[in-house]
Amino acid sequence: MFIDALKKQNPKLIEIAKDLWQQGTILPDTYIIDVDQVLINGQHLLHAAKQHGIKLYLMTKQFGRNPWLTKKLIELGYPGVVAVDFKEAYSLSQQGIPLSHIGHLVQTPTHLIETLLRRNPEIITVFSVAKAQAISDVAVKLGRIQPIMLKVFAPRDVSFTCQEAGIPFDELGATVEALQQMPGIKLCGLTHFPCLAWNARCQTTLPTVNLQTLIRAQNKLKQLGITLTQINAPSATSTSTIPLLAKYGATHLEPGHALTGTIPANILGREPEHIAMTYVTEISHHYDGNSYCYGGGYYKRSHMKYALVFPEHGFSENRFLENQFLENKKTYKTVRILRLGEPCIDYHLTLAGEHPIGSPVIMCFRTQVFATRSDVALISGVQSGNPKLEGIYDSQGNLKNHGYHC
């Protein structure tokens, strides 16, 4: 999806990724993250947010809930993280990382409410009166009042499969009445998802009907005498979309993919946030005229299309084709990625044609690292030409080692 943007915006990352593979420092199924570029992207976002009076919560799931990189971003000025599920909230809080927003997209389980309330989250999203009551009960026990935010929806709204949730718009009045009887919580905000979406036909990011529902819900609460401090409008937050969301009255946003430059709007490499992440794997074997490389990092909405293969480092069963390629003095081939059948486990990813076994493969696509089996290698100094491996982590942010040969 982003292979052309990667070549345009961050060619040094391609070389570093290939070098790490050649050295045996990383294995196939590893995401390489350019730390310096992530921090530059993060600065762009903070600057745009400040100009428009927006507060940003940092999202980490896209780069594997990595605590080291998260702390670096917090040093830039992010107040804390949005943890989209309870495991992320727990693991990051264990690392001393401030929890700004929890409960969205996944609610806090009953037996974890007290543990996470003791971490002093700034706000918690709730999908139901029952969950609000559970949070209130624990907050009363702890002698505190917990700010909460309602996720709302209307029948016409869009949602992703397995993410359907929220308070029906028509039940807002009754819900507010119920919440007012709970002494341990205070209703402070509203949220929805997704509030923006990439429109491939128009080649731009546009508001969804969900954003309209969010604004309607805000107006309805105003009529009920409820003053809100948060209108949280997540999805596709970037330097380019922050001004648009500010016009709609959003107060809080949650950049994730923009930090690594992997927002759909950056397909052509024209966005201020540059590509800061790539995926490295290796040709494993051939089958029926195609090449199979090691998988583990596939995400069903990745929209991966092409890969870069470096065949001079592999072992080809067709030496004539390999030698012909090398005589052209190219360093890589751009190869089509074949569509994965559904359902499947991504033991392998398939590339069109036969390429030398053992060749490194570079990909760049939309990902959710936390949902993979991948490793994550953090590299600083890519842009300065002095690369340094800061560590290799698993997809959940746990430090593994500093290289497989250390």
- Report the C-alpha separation of Thr262 and His257 in whole Å, then their side-chain angles, then the decisive distance to 0.1 Å, and conclude whether the side chain to side chain donor-acceptor pair (under 3.5 Å) test is met. CA-CA 5 Å; Thr262 52; His257 278 291; 2.9 Å; yes
With a 3.5 Å cut-off and no angle check, do the side chains of [X] and [Y] form a donor-acceptor pair?
X	Y	answer
His274	Asn41	no
Thr367	Tyr31	yes
Glu254	His101	yes
Asp4	Tyr306	no
Gln133	Asp137	yes
Glu88	Thr60	yes
Gln37	Asn10	no

With a 6.0 Å cut-off (strictly less than), is the heavy-atom count around [atom1] of [X], excluding the residue itself, greater than 12?
X	atom1	answer
Ile145	CD1	no
Lys87	NZ	no
His47	NE2	no
Arg270	CZ	no
Arg339	CZ	no

In the structure I gave you, are the side-chain heavy atoms of [X] and [Y] within less than 4.5 Å of one another anywhere?
X	Y	result
Lys151	Val126	no
Ser100	Tyr78	no
Ile231	Tyr248	no
Leu73	Leu39	yes
Leu245	Ile242	no
Leu349	Val361	no
Tyr332	Lys7	yes
Pro272	Ser240	yes

Taking the side chain from [X] and the backbone from [Y], do they hold a donor-acceptor pair closer than 3.5 Å?
X	Y	result
Ser302	Tyr298	no
Asn232	Thr191	no
Thr241	Ala236	yes
Arg373	Asp346	yes
Gln95	Ser93	no
Ser235	Leu196	yes
His355	Ala352	yes
Gln107	Thr125	yes
Asp375	Asp394	no
Asp29	Gly297	yes

- Item | Check against side chain to side chain donor-acceptor pair (under 3.5 Å), Asn199 and Gln203 | CA-CA 6 Å; Asn199 187 303; Gln203 287 293 290; over 6 Å; no
- State the CG-CG distance between Leu190 and Asn219, to the nearest 0.5 angstrom. 10.0 Å
Is the cationic atom of [X] (NZ for Lys, CZ for Arg) positioned less than 6.0 Å from the six-membered ring centroid of [Y] and within 45 degrees of its normal?
X	Y	result
Arg301	Phe365	no
Lys71	Trp68	no
Lys61	Phe370	no

- Message: Does Gln43 form a side chain to side chain contact (heavy atoms under 4.5 Å, CB included) with Leu76? I'd like the steps, not just the answer.
- Response: CA-CA 7 Å; Gln43 288 175 325; Leu76 287 182; 3.7 Å; yes
What are the two closest non-hydrogen atoms of [X] and [Y], and how far apart are they?
X	Y	result
Leu399	Ile392	CD1-O, 3.6 Å
Leu45	Leu56	O-CD1, 3.5 Å
Leu117	Ile135	CD1-O, 4.0 Å
Ile16	Pro387	CD1-CG, 3.5 Å
Leu179	Ala132	CD2-CB, 3.4 Å
Ile113	Ala134	CD1-CB, 3.8 Å

- Message: Angle between ring planes, His285 versus Tyr292, binned at 30° and 60°: parallel, tilted or perpendicular?
- Response: parallel
- Mind running side chain to side chain contact (heavy atoms under 4.5 Å, CB included) on Leu340 and Thr350 for me, showing each step along the way? CA-CA 8 Å; Leu340 275 74; Thr350 314; 5.9 Å; no
- Assess the pair Tyr57 and His252: is the distance between their ring centroids shorter than 6.0 Å?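 Under 6.0 Å, so yes.
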- salt_bridge(Lys12, Glu15) N-O dist < 4.0 Å: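 Result for this pair is no, no salt bridge flagged.
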- Sidechain N-carboxylate O distance under 4.0 Å for Glu114, Arg119: no
- Message: If you apply the rule side chain to side chain donor-acceptor pair (under 3.5 Å), what do you find for Gln146 with Arg144, and how did you get there?
- Response: CA-CA 6 Å; Gln146 174 62 49; Arg144 61 174 294 174; 2.7 Å; yes
Please set out all donor-acceptor pairs under 3.5 angstrom arising from side-chain atoms of residues 166-177, sequence neighbours excluded.
residue, atom, partner, partner atom, Å
Thr175, OG1, Glu171, O, 2.8

- Residue that, paired with Ser359, satisfies side-chain contact (heavy atoms from CB on, under 4.5 Å) out of Cys293, Pro311, Ser291: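 Among the candidates, only Pro311 passes.
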- Task: Quick one: do Ile267 and Met1 satisfy side chain to side chain contact (heavy atoms under 4.5 Å, CB included)? Show the steps, please.
- Result: CA-CA 7 Å; Ile267 291 174; Met1 181 178 185; 3.9 Å; yes
- Message: Determine whether Asp36 and Ser380 satisfy the following criterion, side chain to side chain donor-acceptor pair (under 3.5 Å), listing intermediate values before the conclusion.
- Response: CA-CA 6 Å; Asp36 297 345; Ser380 61; 5.3 Å; no
- Task: From the options Lys8, Glu273, Gln9, select the one residue that forms a side chain to side chain donor-acceptor pair (under 3.5 Å) with Asn266.
- Result: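 Testing Asn266 for a side chain to side chain donor-acceptor pair (under 3.5 Å) against Lys8, Glu273, Gln9 leaves exactly one candidate, Gln9.
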- Message: Apply side chain to side chain contact (heavy atoms under 4.5 Å, CB included) to residues Ile102 and Leu116 and explain how you reach the verdict.
- Response: CA-CA 9 Å; Ile102 65 175; Leu116 293 183; 4.0 Å; yes
